[in-house]
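Here's the structure we're looking at; comments come further down.
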2 protein chains.
Amino acid sequence: MGKSAVAKPTNGSNSVAGALRNFGEHLADNGLRFTSERRAIAVALFETDAHLEAEELLLRLRRSGSRVSRATVYRTLDLLVAARLARKVRLGTDHNLFEHILGRRQHEHMVCIGCGQVIEWFDPQMDRIVERNTKEQGFTATRYTVQVFGRCANCAESDS
Amino acid sequence: MGKSAVAKPTNGSNSVAGALRNFGEHLADNGLRFTSERRAIAVALFETDAHLEAEELLLRLRRSGSRVSRATVYRTLDLLVAARLARKVRLGTDHNLFEHILGRRQHEHMVCIGCGQVIEWFDPQMDRIVERNTKEQGFTATRYTVQVFGRCANCAESDS
DNA sequence: ATCCGTGCAAAGGCTTTGCAACGTG
DNA sequence: CACGTTGCAAAGCCTTTGCACGGAT
């Protein structure tokens with residue numbers, strides 16, 4: 001398990017530059033090209049800490065003038081995941097969300113079923129629990145995800 | 001959180017009868033009918049401890065002579081989930097799996113990316129971790145799920 | 001030239017839904 | 001007779017893919 005990254009400030013503009021460089025290297029290493037479309041998509045994902053669906057990302061790109069296609073968005077997001085610069089997560093809906101992992105440490109999610117808000121959380125004990133239980137089964141874990149559903153403070157309050 | 005059920009032997013034929021009764025009550029409470037199709041689908045789900053996709057369930061039903069439609073399978077599975085007799089889970093694929101919860105205690109899953117095997121596990125500390133972290137956020141959790149991906153003992157071994 | 005990348009539209013795969021026919025209370 | 005149910009096929013949705021065109025090496 002535990003590639004528990006060092007805690008870093010979340011997403012400063014300089015780290016975006018670094019991540020772009022990493023993406024470029026990953027592409028080069030695989031004989032792929034760092035096109036303007038790929039760059040635009042990577043930047044759009046890197047510049048937000050939100051969990052975006054492909055469609056929303058496409059929208060943002062279009063609003064900022066990029067004319068990339070939906071297909072390229074999906075293809076590039078897969079590349080970013082392969083490059084370990086992004087994560088694809090499923091939070092109770094029928095579609096995928098993408099989040100970058102620029103200097104963000106490993107974390108899990110809480111999803112408010114009232115307003116949809118997503119809260120990130122991290123507990124150092126999670127690794128231990130997973131490790132203990134997988135070892136017990138002779139299982140070698142490579143990754144795990146936890147999703148908690150419920151109501152956030154605001155929504156719980158407005159439950160009259 | 002914690003509706004951590006009492007641990008009971010998994011799925012004896014008598015508990016199936018009980019669950020069918022519960023299902024019938026749930027339907028009656030909501031002005032719905034306990035049809036032969038619904039009964040057949042419930043039984044098919046109750047009699048296995050596996051995690052089934054709707055299609056597989058449909059196949060089993062057809063093999064055993066029931067001529068239910070795919071639509072009815074989906075509709076009934078939703079009813080079973082609403083009745084809290086089944087759970088719908090997503091284990092890394094693009095489709096849902098269903099599992100009954102007859103006297104099964106709360107549990108999480110480990111999925112082998114080699115052979116697809118699903119191992120159930122439970123750790124009493126999970127509840128505490130979730131409780132502690134949600135409380136910290138003023139979040140009221142109603143449920144949570146954990147999925148661990150990796151290789152099972154067999155598959156890890158055959159990694160030459 | 002070769003090979004990778006893009007856009008578009010079509011195809012895919014799972015799931016839901018509209019609708020007419022059907023059965024029960 | 002009313003109303004819930006079912007089956008079928010069609011529609012929906014997100015995501016992937018085939019293909020021809022274009023660009024970079």
Side-chain angles (χ1 to χ4, degrees), chain A residues 20 23-45 51-62 65-83 86-99 116, chain B residues 20 23-45 51-62 65-83 86-99 116:
Chain A
L20 284 176
F23 190 28
E25 283 165 19
H26 170 83
L27 292 171
D29 288 351
N30 290 78
L32 302 175
R33 294 165 191 161
F34 199 177
T35 65
S36 60
E37 288 88 348
R38 287 178 179 163
R39 171 182 297 270
I41 293 166
V43 169
L45 183 66
H51 307 77
L52 303 176
E53 36 196 279
E55 196 63 28
E56 168 64 19
L57 197 58
L58 180 62
L59 251 161
R60 295 190 181 195
L61 284 161
R62 296 240 162 115
S66 300
R67 281 187 308 300
V68 294
S69 70
R70 182 175 291 108
T72 297
V73 169
Y74 276 105
R75 290 191 273 235
T76 302
L77 285 171
D78 283 346
L79 289 172
L80 285 164
V81 171
R87 202 154 62 121
K88 184 194 279 196
V89 296
R90 205 78 178 216
L91 299 179
T93 62
D94 61 339
H95 53 271
N96 297 307
L97 299 178
F98 295 84
E99 62 179 9
Chain B
L20 284 177
F23 190 29
E25 282 164 20
H26 170 82
L27 292 171
D29 289 352
N30 290 76
L32 303 174
R33 295 170 191 158
F34 199 177
T35 65
S36 60
E37 289 87 349
R38 286 177 179 164
R39 170 182 295 270
I41 294 166
V43 169
L45 184 66
H51 307 77
L52 302 177
E53 35 196 280
E55 196 63 28
E56 167 65 18
L57 198 58
L58 181 61
L59 251 161
R60 294 191 181 196
L61 284 160
R62 296 240 161 115
S66 299
R67 279 187 310 300
V68 294
S69 70
R70 188 175 350 261
T72 297
V73 169
Y74 276 105
R75 289 190 274 234
T76 301
L77 284 171
D78 283 347
L79 289 172
L80 285 164
V81 171
R87 202 155 62 123
K88 186 195 278 196
V89 295
R90 206 74 177 220
L91 300 179
T93 62
D94 61 339
H95 53 271
N96 296 308
L97 298 179
F98 294 85
E99 62 180 8

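The model shown is predicted, which means the values in this text are computed figures rather than measured ones. Reminder, nothing fancy here: chain letters follow the sequence lines and each chain counts from 1.
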Quiz item: Given atom CD of E56(A) and atom P of dT15(D), what is their separation to the nearest angstrom?
Solution: 13 Å
Self-check item: H95(B) or A71(B), whichever maps to the more 5' nucleotide of DNA chain C
Solution: H95(B)
Quiz item: Base, sugar-phosphate, or nothing for R75(A), non-hydrogen atoms under 4.0 angstrom?
Solution: base
Quiz item: Of the nucleotides dC14(D), dC8(C), dT6(D), which has the atom closest to the T35(B) side chain?
Solution: dT6(D)
Quiz item: How many Å lie between CG on D94(A) and P on dT17(C), as a whole number?
Solution: 11 Å
Quiz item: To the nearest angstrom, how far is D78(A) atom CG from dT15(D) atom P?
Solution: 10 Å
Quiz item: Side-chain N or O of T72(A) less than 4.0 angstrom from OP1 or OP2 on dG7(C)?
Solution: yes
Exercise. Could you state the atom-to-atom distance from CZ of R33(A) to C1' of dT6(C) in whole Å?
Key: 12 Å
Quiz item: How long is the line joining CG of L32(A) and P of dA24(D), in whole Å?
Solution: 16 Å
Self-check item: Side chain of E37(B) (C-beta onward), nearest among dT15(D), dC14(C), dG7(D)
Solution: dG7(D)
Quiz prompt | Interatomic spacing from NE2 in H51(A) to CG in L45(A) - rounded to 0.5 Å | solution = 10.5 Å
Quiz item: R90(B) has an atom CZ; how far is it from atom C1' of dT15(C), in whole Å?
Solution: 10 Å
Self-check item: Short side-chain N/O contact from Y74(B) to OP1 or OP2 of dT16(C), under 4.0 Å
Solution: no
Exercise. Grab the CZ-C1' distance between R70(B) and dG12(D) for me, whole Å please.
Key: 16 Å
Quiz prompt | R33(A) backbone acceptor or donor facing R38(A) side chain under 3.5 Å | solution = yes
Quiz item: Hey, is the side chain of N96(A) poking within less than 4.0 Å of OP1 or OP2 on dC14(D), counting only N and O atoms?
Solution: no
Exercise. Check whether any side-chain N or O of R90(B) sits under 3.5 Å from a backbone N or O of D94(B) as a donor-acceptor pair, and report yes or no.
Key: yes
Quiz prompt | Other residues, nucleotides, ligands: >12 heavy atoms within 6.0 Å of R62(A) CZ | solution = yes
Exercise. Could you tell me whether R39(A) sits above the aromatic face of F34(A), with NZ or CZ closer than 6.0 angstrom to the six-membered ring centre and within 45 degrees of the axis?
Key: yes
Self-check item: Whole-Å distance separating the CZ atom of R38(B) from the C1' atom of dG4(D)
Solution: 8 Å
